[in-house]
Amino acid sequence: MTSVIIAKSKLNDFLASLKSGYQVLGPIHQGDMIAFGPVNKVEDLALPYSNTRLSIKSVFFPQSERMFGYSLDKEDADAGIIKETPKEYPNRVVFGLRPCDAKAVTLVDVNMDNPQYQDPWWVKRRETTTLIGLGCEHPCSTCFCTSMGSGPFDETGLDVLLTELPDAYLAKSLTPKGEQLLKQAKGTDAASPAGEKTAAEIKTKAEQALPKLETAKLKDKNMMELFNARFWERVQFACINCGACTFLCPTCWCFDIQDEVSKKAGDRIRNWDSCMFPLFTLHGTGHNPRDHKVQRVRQRFMHKLKYYIDKYGDGPACVGCGRCVQACPVNIDIRNVITLMNEYQTSAGTKA
Amino acid sequence: MSGNYYARRKFAVMKGLLEYMGLEPGRLQFSWISSAESTKFVEVANTVAEEVKALGPAKHFIKEKAEVA
Amino acid sequence: MLEYVDKIRDIARRLLSENKVDVVIGFRQGSVPMMSEPAVISRPEDVDELYWDYNCGINLTNYLTKRPDRIGIVAKGCDSRNIVTHMVENQIKREQLYIIGAPCHGMIDRSRILAALGDQEPTKVVVNDSEIVVTGPGLERKFDRKEYLQNNCATCIHRNPVIYDELLAAPVEEQKLTNRYADVEKIEAMSPDDKWAFFDKMLAPCIRCYACRNACPLCYCPTCFVDEARPQWVGKSIDPTDVRTFHFLRAYHCAGRCTDCGACERACPVNIPVRLLTKKLNKDVEDLYGFEPGMVPDVRPPLDVYRPDDPGGFIK
Amino acid sequence: MGNPYLPYPVRIDEIITETEDKNLKTFKFVFLNPADEQAFKYEPGQFAELSIAGKGEIPIGIASSPTETGFLKFTVNKVGLVTSHLHNMSVGDIMGVRGPLGNWYPLKQLEGKNIVIVGGGFAFTTLRSTIVYLLQPENRSRFGDITVIYGARTPGMLLYKDELAAWEQRSDIHMHITVDRADDPTWKYNVGFVPAITEQKAPSAENAVAIVCGPPIMIKFTQPVLEKVGFTPETIIMSLEMRMKCGIGICGRCNLGTEYVCKDGPVFTLAQLNNLPKEY
């Protein structure tokens with residue numbers, strides 16, 4: 001589609017013009033961390049930055065969210081009837097997210113927005129949010145996006161991709177949403193062939209700098225043989241079964257539903273949940289199909305790196321952002337697990 | 001009887017932590033009153049009620065509607 | 001502390017090949033700078049996986065709970081105190097253990113170093129006695145090691161294991177500190193409203209991942225209070241009252257038991273200084289009952305005993 | 001776009017205590033909005049989330065049959081927070097039902113076949129739905145022999161006692177009711193565990209499928225008996241129970257490998273289960 005240049009000196013004009021039609025979110029400093037938050041001007045942005053500590057997912061899927069409300073007042077004609085909580089879905093733009101996060105959002109779409117069921121809150125927020133990605137000229141040492149079907153300049157899921165040039169950003173629209181945004185925005189100038197050439201060089205250089213993990217064999221492995229592999233015992237030892245990896249992960253989508261009552265009214269709330277927690281699968285009878293840590297650790301990796309691939313013919317459900325590698329308190333490194341799984345000798349085929 | 005002594009230790013550190021976290025002194029009080037001490041019970045109840053009233057409505061560790069998205 | 005590596009491997013090899021233990025629990029070298037991975041080794045030929053450096057801040061006692069086998073374990077001062085606590089609380093038996101004591105020089109504070117680097121990423125971190133040398137793309141910085149110890153290590157007065165079968169080196173000199181609770185006292189001096197606001201801000205980033213709880217060797221209840229459904233003691237959302245209730249109760253459950261090993265704070269993925277809560281309890285338990293957890297194997301924890309003349313001025 | 005998490009409001013129309021221990025009650029619900037009943041089109045084997053404001057939701061197999069109109073029936077065992085609360089509710093109370101959810105017994109594909117139904121304890125609910133469906137006059141002729149083996153611990157723990165008695169009288173269904181033990185001298189049916197009775201009655205596997213639903217221990221010992229008389233993993237159909245929340249394959253907790261029990265199940269053939277992790 002079209003490309004324009006946003007001079008760094010005009011970035012404030014660009015952001016100001018976005019603000020007339022959108023709520024603008026972007027990477028901002030929050031204590032020691034960088035997180036997505038409201039952006040008014042360039043100075044709010046935590047640029048340059050590597051990545052946000054928590055992924056983009058909370059923009060579409062907040063950690064805790066009210067689903068429904070109800071009255072429990074016996075005097076009330078509607079007592080006990082569960083009703084949708086009215087919500088607003090303003091047009092939003094996320095400025096400067098990393099391409100891996102946008103790719104992750106498309107992997108979660110497969111779950112939240114499928115032919116049979118659509119998660120209304122996810123779908124609504126996806127529709128009303130425009131994603132302006134910022135390509136990664138300097139990926140982190142823990143990044144392995146190109147191995148996972150994404151990349152530092154991956155366009156998947158983005159509406160606009162920015163490439164940082166010495167004194168400007170090259171902005172390329174990728175969807176009609178992105179096209180419209182760039183058309184209406186101020187502070188843009190026509191892109192020059194030289195700028196586009198530089199951007200292409202930056203992209204190639206960044207891609208080449210990334211390590212390459214082998215993943216090609218994952219899809220042909222036999223699921224049950226991988227499931228029963230002995231290496232899980234070794235992988236799981238250090239795990240303390242916290243939810244850090246799953247909560248930071250941009251493709252982990254699991255949640256719990258809870259009712260909370262206050263006086264004579266209540267809410268049905270959903271909260272992020274984690275397959276690392278024993279409670280996640282605990283039956284009312286006390287039986288727990290994933291009672292042991294090894295089962296839970298295996299579930300997390302198998303889900304991302306095998307079940308998702310087998311179920312949807314796509315994936316893996318990991319974009320190589322490296323957040324879990326950096327945040328795991330006990331240094332369980334998904335890159336090692338990917339290699340163990342990819343190299344594991346199984347008879348071919350997913351079905352016996 | 002020894003239960004009171006065990007409880008005294010548990011309450012002492014709990015009170016310390018709660019007030020350290022911002023609970024106003026006076027909001028949480030303890031008293032030893034035997035079943036025979038009805039006068040003391042009345043006195044303590046009145047004092048506590050007055051002191052807590054003076055502090056105003058509790059605003060900490062009180063959850064109304066969940067503050068979530 | 002790198003000189004411990006060969007010794008740990010030698011001891012582990014000896015213990016395993018002489019069938020003195022079934023497994024050895026220690027650390028494997030981290031896959032990223034300033035990290036390490038707890039590891040269990042059961043074959044003599046695998047002992048070279050064991051490693052030791054300034055990044056072994058996770059408390060290995062966490063991996064001992066209710067194990068039935070004979071275990072060799074590498075233990076710093078704080079780990080050893082948690083082993084004692086585990087023995088007192090019947091989570092492990094002394095006879096099962098061969099404790100490889102590691103006189104500790106203090107672990108370095110990964111999150112503070114990363115914060116100091118801003119957004120620059122270290123790819124290599126080398127630590128010597130005085131300095132932490134951090135390098136990365138376009139990055140070379142040196143930090144004073146003593147300034148960048150984990151906060152708990154900076155105020156640690158029990159760097160030497162209190163219980164062990166073998167020491168990796170001669171005991172280190174213990175720190176003489178005039179006041180280990182300056183951070184707590186600063187909060188104690190605040191007004192109630194300021195205290196409340198301080199912890200509101202401190203706890204705001206919490207994502208309820210429970211890394212603090214799960215990294216803690218004291219947290220071994222079969223069902224944690226936050227997971228109870230009937231009754232549900234605390235809500236599961238990130239509502240600030242629920243978050244605060246969780247942190248209050250988590251800390252309180254550690255009262256009189258916490259060795260200030262710092263694993264909770266180290267584990268937190270969003271850099272919350274959760275030790276400010278447990279440390280207050282440590283201070284009070286020390287002041288009120290003169291007790292330091294994990295020092296002596298046959299003494300019950302302070303909240304499990306009493307003296308008739310305990311301080312009771314707060315009781316009307 | 002409909003919200004798949006939003007339950008239909010229903011009114012409790014009738015509550016029947018099924019078992020002597022009073023832990024199993026059948027709830028009959030009537031939709032508050034007639035249009036919702038039209039939307040709630042289900043098949044035997046499907047389940048729904050029973051939804052109670054202030055307490056939460058619980059996935060329960062639908063015990064009524066699509067051939068019965070005007071209401072839904074669920075038989076609920078009292079185990080957790082939601083079911084305990086439900087057991088204390090009264091006729092006339094308002095709550096919610098969300099569904100129908102999951103897949104169903106593939107009865108349309110089984111036309112012309114003999115059906116063997118093996119059930120144990122309180123898992124008989126969707127089997128009741130199936131039997132009522134099969135016995136409906138216009139459906140009955142489309143299937144071959146119908147054999148039912150159903151067991152409970154004691155006579156007082158059997159569900160749907162009146163219907164069982166009525167089915168016993170019919171000639172177009174072979175009923176084998178059994179109890180683990182009977183102190184009642186007037187008990188006139190079988191005594192013995194379900195696997196033993198299955199072995200004894202040895203239903204023919206010829207042109208037949210077995211639909212098995214019951215506690216894990218019953219399934220574990222019935223499976224080899226069925227295989228011995230000639231059923232194959234492809235002709236043994238089972239329904240699983242799992243902890244569920246969303247019921248629509250989104251919240252992530254009920255998977256066996258690639259399959260979500262709530263959406264891709266709860267009904268699986270043994271052949272399918274043999275290729276999935278046994279995490280149930």
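Side chains are part of it too, since the values below use all heavy atoms of this structure and drop only hydrogens, waters and symmetry mates. So that the names make sense, note that chain A is the first sequence line, chain B the second, and so on, each numbered from 1.
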(request) Give a yes or no on whether the ring-centroid distance for B:F61 and C:W196 is below 6.0 angstrom. (result) yes
(request) Taking the six-membered ring for Trp and the full ring for Phe, Tyr or His, determine whether the centres of C:F199 and B:Y20 are under 6.0 Å apart. (result) yes
(request) Could you check if a side-chain atom of C:F314 sits within less than 4.5 angstrom of a side-chain atom of B:Q29, using non-hydrogen atoms only? (result) no
(message) Less than 4.5 Å apart, side chain to side chain, heavy atoms only: is that true for B:Y5 and C:V305?
(response) no
(request) State whether B:E51 and C:K316 are salt-bridged, where the test is any N-O pair (Lys NZ or Arg NE/NH1/NH2 against Asp/Glu carboxylate O) under 4.0 Å. (result) yes
(request) Considering only NZ, NE, NH1 and NH2 on the basic side and carboxylate oxygens on the acidic side, decide whether C:D193 and B:K59 come within less than 4.0 Å. (result) yes
Heavy-atom cut-off 4.5 Å, strictly under: side chain, backbone, both or neither for [X] against chain C?
{"X": "B:K15", "answer": "side chain"}
{"X": "B:V68", "answer": "side chain"}
{"X": "B:I33", "answer": "neither"}

(request) Answer yes or no: is there a donor N or O on one side and an acceptor on the other, between the side chain of C:R244 and the main chain of B:M21, under 3.5 Å? (result) yes
(message) Main chain of C:P308, side chain of B:R8: is a donor-acceptor contact present, judged purely on distance under 3.5 Å?
(response) yes
When only pairs under 4.5 Å are counted, which of [options] shares the most heavy-atom pairs with chain B?
{"options": "C:H247, C:E188, C:M190, C:R307", "result": "C:R307"}
{"options": "C:V285, C:D284, C:D200, C:L277", "result": "C:L277"}
{"options": "C:D310, C:L303, C:T245", "result": "C:D310"}

Is it the backbone or the side chain of [X] that comes under 4.5 Å from a heavy atom of chain B, or both, or neither?
{"X": "C:F248", "result": "both"}
{"X": "C:N282", "result": "neither"}
{"X": "C:L288", "result": "side chain"}

(message) Looking at every non-hydrogen atom in both residues, tell me the closest pair between C:A251 and B:L17 and how far apart they are.
(response) CB-CD2, 4.2 Å
(message) Looking at B:Y6, I'd like to know if its OH atom is crowded, meaning that more than 12 non-hydrogen atoms belonging to other residues, nucleotides or ligands lie closer than 6.0 Å.
(response) yes
